[in-house]
Structure formats: structure tokens, C-alpha cells
A.B. asks: 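The structure is given below, and queries will be raised subsequently.
Any value given below was found using the heavy atoms of this structure, including those in side chains, with hydrogens, waters and symmetry copies removed. Each residue takes its place number in the sequence, starting with 1.
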Amino acid sequence: MAKMLRWVAVGLLAAATAQATPMDRWTTTWWTSQLALDAQNALPAADLADATLRQIVRLQAPATQMRVRFSNRFGSAPLAIDGATIARAVDAASPRIDTTTLRTLRFGGATAVIIPAGADYWSDPVALKSAGGSDLAISIHFVQAPAQQTGHPGSRATSYLVHGSHGGDADLTGAKTFDHWFQIAGIEAVAPKARAIVAFGDSITDGYGVKPNTNARWTDALQRRLRAAPGMGEVAVLNAGIGGNRLLNDGLGPNALARFDHDVISQPGVTHLIVLEGVNDLGTLTRDAPVPAEAHAALVVRMIDAYRQIVARAHARGIKAIGATIMPYAGSGYYHPDAQNEADRQAVNRWIRTPGNFDAVIDFDAAMRDPADPKRLRKDYDSGDGLHPSVAGYAAMAGAVPLALLR
């Protein structure tokens, strides 16, 4: 009898994971970069005690099967997930789901999992055929709050929280709302023709200024262009932007070199990388006080070395590395750059544009600058802070990307 029970248990586990086969071709079809959440961005521990968190994400490429990547990357203790589900969202701006598409997420056949500190964890695959552009709702039930929350503050998407276990509910009436993502990093899908492009950057890529649930980042606009282009409809644009991110030093999140392997290399199906990083390195150099000319020169050298590292790591994995020029920011009241800061930007952009350094170049500087004052953003492309684009500016950025570079 004991032997029979062991075989039954093995059979149930095999059935729960039968969708994944060695021949499946997996590609990341949604991504968000992770950081350790500080007190300003984390949820109060009491909110996550016996609570269901429902988060809405937009699948960027079509899928027949998918699995969710949960993250405890910055956790200081194991993370217990008591249950999780995925379903198609009724729309991008509410917690309502189509319950006919509801799938329970399992982990080695079990409905609960404990994720070690510092680790990510994939769910077992589930069959959920979805088109590119579909909004999906991931619901997680926590027994207690993570010791250190891992997440993404700049979601530009509303998440929903209620107490109790409600992952299967059609709606979450009376839910508490906030515009952050927590403990989720990606969705990976089986889609034989799909592949992915990673947009690696700072708050400009993260979509600073975009209203929640509107999907108006430049990466969203680029995704819509690809979806409409012949032969490009199964290419996913993955947003790996973090507000305040720098090439060389940590800010709100890890510096670009520290997070590159996790946010780019670890993702399956990536063929192209777009790098738009560096304005925060340039701006922070003199934000608090002027520095000698030698410090300016040293920063430019170190930034270029960081780009070289990124290109080399991408090439080692067969990924095409595309450099994006740094856009003007002379109108920034936050960084208040002077002539030397502008000279630094021009020096970095010259290197990016020089053939042979990156595999190709997207000249966002040329597309976004004011013809009458090239040190500044065009007025209609400026959000008003002299640094971040407006929604029209984000659309112009997407329009400036030559699609031929991404084929």
C-alpha cells in the first residue's frame, strides 16, 4: 500500500508539470526590474498578513503556455507564498478577471512554495493561450509579509490588496490600491516564433510621468509599432528600466552593471538589447557642488568602460547591443547642468555614435532635442521638468527606433 501511494504521488507530480518538455522554446514575454523596497515604497507588514495581492501586467508577445517568475531577490529571509493564480484581466484598470481563464499556479505540483532569500522561483507551466497585448492578473496569497520586500515602484499600473485568500475571486471589492509591483519579475511563455528585446535604462525607460494603466511608455509605443509591422508581431519589448538608475553607482536600485546579468542575460529568447543609460551619472556628478575638470574627464572614461562591459557581456550570449544616445537635459531643475556637463554628454554620445562600439545606434538625442537650442528637449516633447519626455515625447522616441535594427 505504501508503495502504491508513492507511485500515486509521483504520478500526480508528473501530471502537474507535464506541460513542460525539453523541446519547448521559452521566451520572456513580460519583465520588470527588481529592487529592494525602502519604507517609502514598501507595504506595511500588517497589510500583507493573510492577504491577497492582485497585480496587472501586459503580456507583450503571444503565448500558448506560460509560467510566472516570482522574486525574493532582495529578501533577507525565505518568502512563503501560500497560493497563486493567473487569469486574463477584464481590463487594465480594475481587479476584475475572466474566471473562465483562471489557472492555479503550482510549484513542483504544490500550491504553496517557500522561496529562499536572494532567489527567484518559476511556477510550473500552465496552458493559457493569450495574444500579445493581453492584460493578465497575477494573484498571490501571503500568510505574512516578506522580511524585506522585493519589487518595482514604477509600475505605472495599479495593484489591489484585500485580506484573506481571494485569488480565485472574479473581483476584489473594496481593495486597497497602489501603483507598485511586488515579488513578481517576469512571465515566460512557450511561443515558437517569439523572441525578446530588452530596453535597459533609467526613469525615462521606466516611464516617469506616464499615468497609471495607460501603457504610454516609449517601450509600449515601440511594442505597438512592432505588433503592426509584418513579421514582428511576436517580438516582445521587455522594459528593464529603473527610476534613478546609473551605470556606475547604486541609486534607488542596483547600478546597471550590477543588475545586467539578472535583468538581461538570465532571460530566455533575448536577441537584442537597447541601452539608454547615463544621464543620471552625468547629472549627479555636479548636482550638489562643482567638481574639477579631472573628475568630469574621469567620469566619461568610466562610463565608456561600462558600455564596453555591457556590449561584451551581450555579445557573449549572442545578443545584439544597440546604443541609444543620451538626450538633452539642460532644462533640468534637478540637475542644473552647466557647460562642462553638456560637454560630458557630447563626449559620451560621440563614443556611442562611433561605428564599432555598439552594433547599432538609436539617436534619441537627434530625435528629441530642440533645433533652436540643442542642449534642451523640444518643448512639445518635454514633460515640463527638462529631463523626462512628455507622452508625446515617449511616442516620438518609439518612432525614432529604426525597426530594421530589430529584425
Side-chain angles (χ1 to χ4, degrees), residues 15-20 24 26-32 34 48 51-72 79-113 115 120-142 150-152 155 157-162 164-172 175 177 180-191 194 196 213 215 236 238-239 267-269:
T17 58
Q19 298 101 321
D24 286 337
W26 292 90
T27 297
T28 305
T29 53
W30 173 78
W31 180 263
T32 187
Q34 304 294 289
L48 287 175
T52 297
L53 178 63
R54 180 167 291 174
Q55 305 177 84
I56 311 299
V57 305
R58 177 157 290 182
L59 197 70
Q60 301 299 343
T64 55
Q65 298 179 59
M66 61 185 69
R67 56 194 182 192
V68 177
R69 182 170 177 168
F70 295 89
S71 184
N72 192 28
L79 167 67
I81 293 176
D82 191 51
T85 63
I86 190 168
R88 289 200 199 100
V90 171
D91 59 65
S94 87
R96 292 180 297 134
I97 61 171
D98 176 358
T99 55
T100 66
T101 67
L102 182 69
R103 303 288 187 272
T104 297
L105 295 174
R106 297 178 182 274
F107 307 86
T111 57
V113 67
I115 303 175
D120 288 356
Y121 220 94
W122 287 109
S123 71
D124 299 342
V126 294
L128 182 57
K129 189 174 182 179
S130 300
S134 301
D135 291 313
L136 302 177
I138 302 167
S139 301
I140 310 171
H141 181 239
F142 298 95
T150 295
H152 188 89
S155 65
T158 303
S159 298
Y160 306 88
L161 181 79
V162 293
S165 182
H166 298 282
D169 290 9
D171 199 357
L172 298 181
T177 62
H180 299 324
W181 284 315
F182 300 88
Q183 315 297 156
I184 55 174
I187 295 177
E188 191 177 280
V190 173
N213 312 315
N215 293 289
L238 309 179
N239 191 309
Q267 300 191 54

A.B. asks: Using only atom types and a distance under 3.5 Å, with no angle test, would you say the side chain of R96 pairs donor to acceptor with the backbone of V90?
C.D. replies: no

A.B. asks: Measure across Q65 and D24 and return the closest heavy-atom pair with its distance rounded to 0.1 Å.
C.D. replies: NE2-OD2, 4.3 Å

A.B. asks: D169 and V162: side-chain contact (heavy atoms from CB on, under 4.5 Å), yes or no, with the steps?
C.D. replies: CA-CA 11 Å; D169 290 9; V162 293; over 6 Å; no

A.B. asks: A196 and T28: which non-hydrogen atoms are nearest, and at how many Å?
C.D. replies: CB-O, 3.7 Å

A.B. asks: Would you say the side chain of L161 lies within less than 4.5 Å of the side chain of F142, judging by non-hydrogen atoms?
C.D. replies: no

A.B. asks: Given 3.5 Å as the limit, does a donor-acceptor pair link the side chain of Q55 with the main chain of F182, or not?
C.D. replies: yes

A.B. asks: Check for a donor-acceptor pair, side chain of T29 on one end and backbone N or O of A61 on the other, with a separation under 3.5 Å.
C.D. replies: no

A.B. asks: CG of L48 to CD of Q183: how many Å apart, nearest 0.5 Å?
C.D. replies: 8.0 Å

A.B. asks: In terms of side-chain heavy atoms, does N72 have a donor or acceptor partner in T150 at a distance below 3.5 Å?
C.D. replies: no

A.B. asks: Step by step, work out the side-chain contact (heavy atoms from CB on, under 4.5 Å) result for L128 and T101.
C.D. replies: CA-CA 7 Å; L128 182 57; T101 67; 3.8 Å; yes

A.B. asks: To check you understand the geometry: which heavy-atom pair defines the closest contact between T52 and H166, and what is its length?
C.D. replies: OG1-N, 2.8 Å

A.B. asks: Return yes if some donor-acceptor pair links the side-chain N/O of R103 with the main-chain N/O of A127 below 3.5 Å, else return no.
C.D. replies: yes

A.B. asks: How many angstroms lie between atom CZ of F107 and atom CD1 of I81, to the nearest 0.5 angstrom?
C.D. replies: 5.0 Å

A.B. asks: Identify the heavy atoms of A185 and Q34 that sit nearest to each other, and give their distance.
C.D. replies: CA-NE2, 3.7 Å

A.B. asks: Say you draw a straight line from CG of D135 to CG of D98; how long is it, rounded to the nearest 0.5 Å?
C.D. replies: 12.5 Å

A.B. asks: Are P125 and V190 close enough that some pair of their side-chain heavy atoms sits under 4.5 Å apart?
C.D. replies: no

A.B. asks: Quick one: does N239's side chain get under 4.5 Å of Q60's, heavy atoms only?
C.D. replies: no

A.B. asks: Are side-chain heavy atoms of L105 and F70 found at a separation under 4.5 Å?
C.D. replies: yes

A.B. asks: What's the spacing between I97 CD1 and T85 OG1 if we round to 0.5 Å?
C.D. replies: 6.0 Å

A.B. asks: Could you tell me if the side chain of R88 sits less than 4.5 Å from the side chain of L136, heavy atoms only?
C.D. replies: yes

A.B. asks: How close do H141 and S165 get, heavy atom to heavy atom, and via which atoms?
C.D. replies: CD2-CA, 3.7 Å

A.B. asks: I need the S134 OG to M66 CE distance, nearest 0.5 Å.
C.D. replies: 7.5 Å

A.B. asks: Rounded to the nearest 0.5 Å, how far apart are OG of S71 and CD1 of I115?
C.D. replies: 7.5 Å

A.B. asks: Ignoring hydrogens, what is the shortest heavy-atom contact between A92 and R58? Give both atom names and the distance.
C.D. replies: CB-NH2, 4.0 Å

A.B. asks: Under 30°, 30 to 60°, or over 60°: which ring-plane class applies to W181 and H152, parallel, tilted or perpendicular?
C.D. replies: tilted

A.B. asks: Taking the side chain as everything from C-beta on, heavy atoms only, tell me whether T32 gets closer than 4.5 Å to V57.
C.D. replies: no

A.B. asks: Apply salt bridge (Lys or Arg N to Asp or Glu O under 4.0 Å) to residues R106 and D124 and explain how you reach the verdict.
C.D. replies: CA-CA 5 Å; R106 297 178 182 274; D124 299 342; over 6 Å; no

